[in-house]
Amino acid sequence: MKVFQDRTNQIKGFYFTKEQIKEIEKLDSSTNYAIYFLFDNSDSDNKKTYIGQSINGVKRIFDHINKKDFWSYCILFVTDNNSFDKLTIDYMEYEFIKRFKKSNFTLMNKDPRTNEPNVSMYDKPNILSYIKQIEFLLSAEGVSIDPVPSSLINEKFYYPKNREYKSRIL
C-alpha cells in the first residue's frame with residue numbers, strides 16, 4: 001500500500017492490492033471523485049488493465065473485487081480538495097482508454113468509452129494538465145503507456161528465466 005502525491009498540485013495517488021482496500025477506504029480523500037486503473041501482476045508485455053472512474057472513489061473498487069478477477073493491484077487518483085467533477089472523470093476515462101489502446105496493455109473494459117465527452121474549450125486545458133500529471137505519476141510507479149511502435153507490433157520477444165532482470169530480446 002502506498003499513497004503518493006507531487007506537492008506541486010492536488011492530485012493524490014493510492015496504490016493498493018485487493019487485500020488492502022479496506023485500509024485505503026479509511027484514508028483522507030480516498031472516497032473523492034476518482035479515475036482508477038486495475039492491473040494484473042504479470043511480467044508479460046501484454047499486461048491487462050481496466051480503466052474506470054468513480055464518483056465515490058475507492059468504494060467503487062469494492063464492486064470489482066469479485067466481478068473482475070484478473071487484477072491484483074489498483075492505482076486510484078483523486079484530488080485532495082475533491083476538485084474533479086463528473087465531466088472531468090468522464091473525459092479522463094475516455095482519454096486514458098484511448099491512450100492505453102495504443103500501448104502494450106490489454107484493455108479489459110467490456111464497453112470502453114469511445115465517444116468523446118463534450119468538454120468546453122475553457123475546461124479542456126485544465127483536464128489535459130490533470131491527465132499529464134497522472135501519466136507522470138503512473139510512470140513513477142512503472143506504468144508506461146507509450147504507444148507501441150508499428151515496427152514491433154508483430155514481433156515476438158524472449159525473456160530471461162531469471163525474473164530479477166527486467167529485459168527482453170527480439
Side-chain angles (χ1 to χ4, degrees), residues 1-40 47-68 70-147:
M1 178 176 83
K2 196 183 318 184
V3 179
F4 52 98
Q5 182 171 15
D6 176 352
R7 293 310 303 160
T8 62
N9 70 40
Q10 69 269 20
I11 296 176
K12 182 186 289 187
F14 299 92
Y15 177 108
F16 57 94
T17 63
K18 291 178 182 182
E19 296 77 24
Q20 298 164 326
I21 192 167
K22 288 185 180 182
E23 294 171 52
I24 292 292
E25 185 182 28
K26 296 174 190 171
L27 299 177
D28 284 345
S29 310
S30 69
T31 57
N32 291 355
Y33 280 65
I35 179 93
Y36 61 89
F37 306 84
L38 304 177
F39 295 101
D40 72 344
K47 202 169 208 170
K48 296 176 185 173
T49 190
Y50 176 90
I51 301 167
Q53 44 94 352
S54 170
I55 60 170
N56 50 16
V58 75
K59 291 182 181 201
R60 174 73 175 108
I61 311 304
F62 281 100
D63 294 338
H64 296 314
I65 288 183
N66 294 324
K67 294 178 183 173
K68 297 186 183 342
F70 77 89
W71 70 281
S72 53
Y73 68 97
C74 175
I75 303 178
L76 175 112
F77 293 98
V78 299
T79 55
D80 53 14
N81 62 0
N82 208 16
S83 59
F84 289 165
D85 59 17
K86 182 69 172 125
L87 185 59
T88 299
I89 60 176
D90 283 348
Y91 187 82
M92 287 194 299
E93 180 186 39
Y94 160 79
E95 191 63 36
F96 277 113
I97 286 172
K98 193 168 80 171
R99 293 175 187 209
F100 269 80
K101 278 182 177 178
K102 297 176 185 173
S103 73
N104 277 335
F105 288 87
T106 300
L107 204 56
M108 301 300 288
N109 295 59
K110 286 184 181 171
D111 299 314
R113 181 181 298 274
T114 55
N115 295 328
E116 182 174 345
N118 189 14
V119 174
S120 93
M121 62 186 250
Y122 303 107
D123 291 333
K124 201 173 229 178
N126 197 31
I127 296 171
L128 291 174
S129 73
Y130 288 150
I131 290 168
K132 199 81 160 146
Q133 182 63 23
I134 291 170
E135 279 184 329
F136 170 76
L137 292 171
L138 282 170
S139 70
E141 290 302 315
V143 177
S144 172
I145 56 172
D146 295 330

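The model shown is predicted, which means the values in this text are computed figures rather than measured ones.
The shortest distance between side-chain heavy atoms of V58 and V78 does not fall below 4.5 Å. Side chains of Y15 and L137 form no contact here, defined as non-hydrogen atoms less than 4.5 Å apart. Taking the side chain as every heavy atom from C-beta outward, I89 and I55 approach each other to under 4.5 Å. With contacts defined as side-chain heavy-atom distances shorter than 4.5 Å, the pair T114/K101 qualifies. For the pair N32/F84, no side-chain contact is recorded, criterion being any heavy-atom separation below 4.5 Å from C-beta on. With a 4.5 Å cut-off on side-chain heavy atoms, M1 and F14 do not count as touching. Within the 4.5 Å cutoff, no side-chain heavy atoms of N118 are placed close to those of L87. Taking 4.5 Å as the limit, every side-chain heavy atom of F77 sits out of range of all side-chain heavy atoms of Y130.
Atom CG of N81 has more than 12 neighbouring heavy atoms from other residues, nucleotides or ligands inside a 6.0 Å radius. Around CZ of F136, the count of heavy atoms belonging to other residues, nucleotides or ligands within 6.0 Å does not exceed 12.
Separating the CD1 atom in I131 from the NZ atom in K124 is a distance of 9.0 Å, to the nearest 0.5 Å.
Salt-bridge check for K67 with D63: failed, with every basic side-chain N at 4.0 Å or more from each acidic carboxylate O.
Pairs passing the salt bridge (charged side-chain N to carboxylate O under 4.0 Å, His left out) check and including a residue from residues 127-137, sequence neighbours excluded, read R99-E135.
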Item to check | side chain to side chain contact (heavy atoms under 4.5 Å, CB included) assessment of T49 paired with L107 | outcome: CA-CA 5 Å; T49 190; L107 204 56; 4.0 Å; yes

Next on the checklist: Quick one, K18 with W71, criterion side chain to side chain contact (heavy atoms under 4.5 Å, CB included). Give me CA distance, side-chain angles, the key distance, then yes/no.
Outcome noted: CA-CA 8 Å; K18 291 178 182 182; W71 70 281; 3.4 Å; yes

Checklist entry - Between K47 and N104, does a side chain to side chain contact (heavy atoms under 4.5 Å, CB included) hold up when you go through it step by step? => result CA-CA 7 Å; K47 202 169 208 170; N104 277 335; over 6 Å; no

Next on the checklist: Please determine whether side chain to side chain contact (heavy atoms under 4.5 Å, CB included) holds for the pair D90 and V119, giving the CA-CA distance in whole Å, both sets of side-chain angles, and the decisive distance to 0.1 Å.
Outcome noted: CA-CA 10 Å; D90 283 348; V119 174; over 6 Å; no

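Applying the ring pair (Phe, Tyr, Trp, His ring centres under 6.0 Å) test to F37 and every residue at least two apart in sequence or in another chain returns F96, F100. Residues satisfying the side chain to side chain contact (heavy atoms under 4.5 Å, CB included) criterion with S54, sequence neighbours excluded, are Y36, N56, R60. Here T8 pairs with D6 under the side chain to side chain donor-acceptor pair (under 3.5 Å) rule; sequence neighbours left out. The side chain to side chain donor-acceptor pair (under 3.5 Å) search around E25 returns none, not counting sequence neighbours. Considering only residues two or more places apart in sequence or on other chains, F16 meets the ring pair (Phe, Tyr, Trp, His ring centres under 6.0 Å) condition with none of them.
Remark: aromatic rings of Y50 and F70 are distant, center separation not under 6.0 Å.
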